[in-house]
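Let me begin by presenting the structure, written as structure tokens, before commenting on it.
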Amino acid sequence: MRTIEGLALAIEAKDHTTHSHLQRVRTYAIEIAKDLGLSGDELDALRAAALLHDIGKLGVPDHIINKPGRLTREEFEKVKTHTVVGAEIIEKVAFPYPVAPIVRSHHEKWNGEGYPDGLKGEDIPVGARILAVVDCLDALASDRQYRKALPLSEAMAEISKEAGNSFDPRIVDVLQRRYLEFEHLTIENRRENPIDALNLTATVERGLRPAAGFERNSDRSGDQNDFLSSIASARQEAYTLFELSQDIGNSLSLTETLSLVAMRLQKLVPYDSIAVFVREKDTLIPEFVSGDHSKLLASLRVPIGTGLCGWVAAHGRPIINGNPSVETGIALNPNASIELRSALAVPFESVNGLVGVLTLYRTDPDAFTSDHLRVLKVITSRVGMFIENALKYREAESSATIDYLTGMANARALSVHLEKELARCLREHSTVGIMVCDLDGFKDINDRFGHLAGDKVLRSFAGSLRIVCREYDYAARMGGDEFVIVAPGMTEEAMAERSDLLNALARQAGLEGCGADFLSLSAGTAFYPADGETAEQLLAEADRRMYVAKQHQRAISQSRIIDPEIEQQLPLGFSLRAEGAR
């Protein structure tokens with residue numbers, strides 16, 4: 001039994017869906033066998049075969065086993081070999097009871113249309129007949145790569161329809177009576193066991209099609225009569241692809257270009273929804289989404305290797321008419337309701353590897369054809385290169401407007417934003433406040449504790465600054481220890497309160513960064529339109545008032561009397577921390 005459980009772990013390592021699958025199959029199979037009066041070697045053989053019936057999948061490529069869509073004919077031919085390979089493995093174990101015949105025949109059908117040998121009725125080993133029923137029930141009642149699970153009662157109803165056709169009627173009768181009882185039983189405790197090299201060259205002649213059907217291949221070669229329509233269609237396709245190639249590269253705006261691609265593509269490949277996922281490390285992030293269920297699709301975060309798009313990204317192969325409901329983020333969300341029934345997913349690649357995945361969705365099942373896939377393949381290489389270039393441009397643009405140390409906007413970005421904000425104020429006849437802040441004592445921190453400590457203090461203060469700003473305020477680092485806040489609609493009193501708060505945060509940043517208790521903040525404010533109508537005027541006035549406040553702060557720290565003329569120029573809201581010094 002330990003050997004059997006070890007082999008079962010080898011299957012689980014290959015196909016991650018088998019953990020609960022093996023538990024259910026073994027429990028159901030043994031209980032049915034007992035009900036039918038099996039005992040001795042027959043029962044022992046079934047107990048082993050229930051765990052090992054899929055061990056031949058070790059000889060089937062991972063991308064076929066875990067494909068979240070229908071199989072091609074060639075892929076199904078490879079899957080069928082798992083019965084022969086599995087029996088070969090079991091024969092090498094030399095069990096003292098007949099396990100190998102059950103493993104070989106568990107896909108045979110009562111009517112003789114199964115594989116690999118086309119056995120019929122009582123010619124099929126009774127253990128294999130039991131496994132065939134139980135295995136099918138579990139497949140219907142479990143989430144698989146190509147579809148979601150059916151409720152157990154509905155799965156049982158499907159099994160009952162096949163009594164006397166695919167399955168032994170006696171076994172179906174037992175399962176119908178007792179399946180709810182069986183569902184509550186579980187068996188565990190398996191561990192890994194090494195397996196020798198296998199003969200994977202076996203071929204199988206029988207088997208008409210997989211249960212889910214074949215991937216559709218729309219071959220319209222017989223539709224030759226309407227040659228004028230074919231010519232017109234080809235011409236339209238060529239023209240649209242030409243337009244598409246012209247659109248790509250005209251702009252470095254990723255959203256704008258993907259929107260044009262989506263619009264052009266609609267003429268060639270009708271869809272209800274479209275999603276372009278971009279790779280970020282090991283995850284696919286939706287960069288562009290349009291159509292039905294846009295909100296749900298835009299919320300997806302798909303780990304590479306999981307779900308439908310994750311499978312396409314991991315293997316670099318397209319999927320045609322895949323099931324959207326198995327996508328990560330949809331399959332794991334019991335509240336997600338999606339009416340999309342088929343998906344066409346194609347990977348984007350460039351010279352540096354995977355860029356992302358383009359996925360089209362339809363509400364109709366089997367809505368996409370091989371012609372649609374061909375069209376997508378024509379454009380993916382060009383679009384993939386564009387997406388990669390656009391992402392690099394975005395990164396470069398971001399680095400040009402973001403301060404590398406604090407992650408805040410830099411002086412260049414501040415200038416652009418302030419011009420836009422003043423234009424808005426002019427249109428709407430509204431006001432905006434500008435605050436220029438400077439950290440007093442920051443030079444001493446660099447001199448006494450080093451520049452690394454100074455950088456730590458700046459990052460700490462910048463983080464606090466972002467927290468106290470409103471969501472529509474704009475904060476930037478002008479350079480050095482100087483910061484600017486653009487605050488639409490803020491009053492002088494509110495700006496004064498913020499100045500006091502930032503002063504306390506500056507002191508806290510000094511304490512947290514290097515234990516220095518001498519850091520403070522000087523601030524100056526200016527308001528549009530009262531203090532100026534251009535960005536230069538407002539920044540200059542706020543900077544002048546900040547300098548006056550700094551002079552005042554120095555005077556207080558040295559316990560000197562302040563010049564009344566200077567005191568009158570102090571910005572509103574400047575708080576004296578040492579009133580006794582006066």
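In what follows, residues are counted from 1 in the order of the sequence shown.
Within the 4.5 Å cutoff, the side chain of L502 has heavy atoms near those of the L465 side chain. Residues L358 and I274 have side chains in contact (heavy-atom distance under 4.5 Å, counting atoms from C-beta outward). Side-chain contact between D438 and D440 is present, with heavy atoms from C-beta onward closer than 4.5 Å. L418 has its side chain within reach of I434: a pair of non-hydrogen atoms, C-beta onward, lies under 4.5 Å apart. For the pair I485/C469, a side-chain contact is recorded, criterion being any heavy-atom separation below 4.5 Å from C-beta on. No side-chain heavy atom of T363 sits less than 4.5 Å from a side-chain heavy atom of R341. Side-chain contact between L297 and T359: absent, with no pair of heavy atoms (C-beta onward) separated by less than 4.5 Å. The side-chain heavy atoms of W311 and I319, taken from C-beta on, include a pair separated by under 4.5 Å.
The main-chain N or O of S460 is found under 3.5 Å from a side-chain atom of S464 such that the two form a donor-acceptor pair. For the pair E327 (side chain) and P324 (backbone), a donor-acceptor distance under 3.5 Å is absent. Side-chain atoms of H417 never come within 3.5 Å of backbone atoms of Y474 as a donor-acceptor pair (strictly under, hydrogens ignored). Under a 3.5 Å cut-off, the side chain of S342 and the backbone N or O of D364 do form a donor-acceptor pair. When atom types are taken as modelled, the side chain of T431 and the backbone of Y528 share no donor-acceptor pair closer than 3.5 angstrom. The closest donor-acceptor contact from the side chain of D473 to the backbone of R470 lies under 3.5 Å. Not a single donor-acceptor pair under 3.5 Å links the side chain of S415 to the backbone N or O of R412.
Counted by atom type alone, N323 and S325 present one or more donor-acceptor pairs between their side chains at under 3.5 Å. With 3.5 Å as the limit, one finds no donor-acceptor pair spanning the side chains of S520 and N503.
The heavy-atom pair separating P318 from K377 by the smallest distance is CG-CE, 3.9 Å. For the residue pair A535 and L422, the shortest heavy atom distance occurs at N-CD1, 3.4 Å. The nearest pair of heavy atoms linking L354 to F348 is CD1-O, 3.5 Å. Nearest approach of A526 to L538, heavy atoms of both residues: CB-O, 3.5 Å. The two residues L521 and A506 make their nearest non-hydrogen contact at CB-CB, 4.0 Å. Of all the heavy atoms in L519 and G441, the pair that sits closest is CD1-C, 3.8 Å.
For the atom pair CE of M263 and CG of L258, the computed distance is 12.5 Å after rounding to the nearest 0.5 Å. In this structure, L340 CG and L360 CG are separated by 11.0 Å, a value rounded to the nearest 0.5 Å. Put simply, CG on L308 and CG on L344 are 9.5 Å apart, with the number rounded to the nearest 0.5 Å. The OG atom of S290 sits 12.5 Å away from the OH atom of Y361 when rounded to the nearest 0.5 Å. Expressed to the nearest 0.5 Å, how far CZ of R459 lies from CE of M408 amounts to 14.0 Å. Here the straight-line distance linking atom OG of S522 with atom CD of E482 works out to 11.0 Å at 0.5 Å rounding.
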Open item on the list: Is there a side chain to side chain contact (heavy atoms under 4.5 Å, CB included) between R448 and F518? Walk through the geometry before answering.
Closed with: CA-CA 12 Å; R448 292 170 57 180; F518 54 79; 3.1 Å; yes

TODO: Please test Q508 against L511 for side chain to side chain contact (heavy atoms under 4.5 Å, CB included), starting from the C-alpha separation and ending with a verdict.
DONE: CA-CA 5 Å; Q508 181 181 348; L511 288 169; 5.6 Å; no

Open item on the list: Working note: V346 + V357, criterion side chain to side chain contact (heavy atoms under 4.5 Å, CB included); need CA distance, chi angles, decisive distance, verdict.
Closed with: CA-CA 6 Å; V346 182; V357 175; over 6 Å; no

Open item on the list: Using the rule given for salt bridge (Lys or Arg N to Asp or Glu O under 4.0 Å), can you reason through E75 versus R317, listing the C-alpha separation, both sets of side-chain angles and the distance that settles it, and then say yes or no?
Closed with: CA-CA 13 Å; E75 289 168 341; R317 301 176 58 184; 3.3 Å; yes

TODO: Determine, step by step, whether L300 and F277 satisfy the side chain to side chain contact (heavy atoms under 4.5 Å, CB included) criterion, reporting the C-alpha distance in whole Å, the side-chain angles of both residues, the deciding distance to 0.1 Å, and the verdict.
DONE: CA-CA 9 Å; L300 298 181; F277 296 89; 4.2 Å; yes

- [ ] Test ring pair (Phe, Tyr, Trp, His ring centres under 6.0 Å) on Y271 and F368 and set out the steps.
- [x] CA-CA 9 Å; Y271 60 81; F368 297 104; 8.5 Å; no

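Counting only residues at least two apart or in different chains, salt bridge (charged side-chain N to carboxylate O under 4.0 Å, His left out) contacts with residues 512-537 comprise R507-D517, D531-R545. Legend: salt bridge (charged side-chain N to carboxylate O under 4.0 Å, His left out) pairs involving residues 269-282, not counting sequence neighbours, sorted by first then second residue: D272-R362.
For D403 and R477, the salt-bridge test passes: some basic side-chain N is under 4.0 Å from an acidic carboxylate O. Note on R70 versus D366: salt bridge recorded, some NZ/NE/NH1/NH2 to OD/OE distance being below 4.0 Å.
D543 pairs by the side-chain hydrogen bond (donor to acceptor under 3.5 Å, both in side chains) definition with nothing, not counting sequence neighbours.
Crowding of Y547 atom OH: a count of heavy atoms from other residues, nucleotides or ligands under 6.0 Å not exceeding 12.
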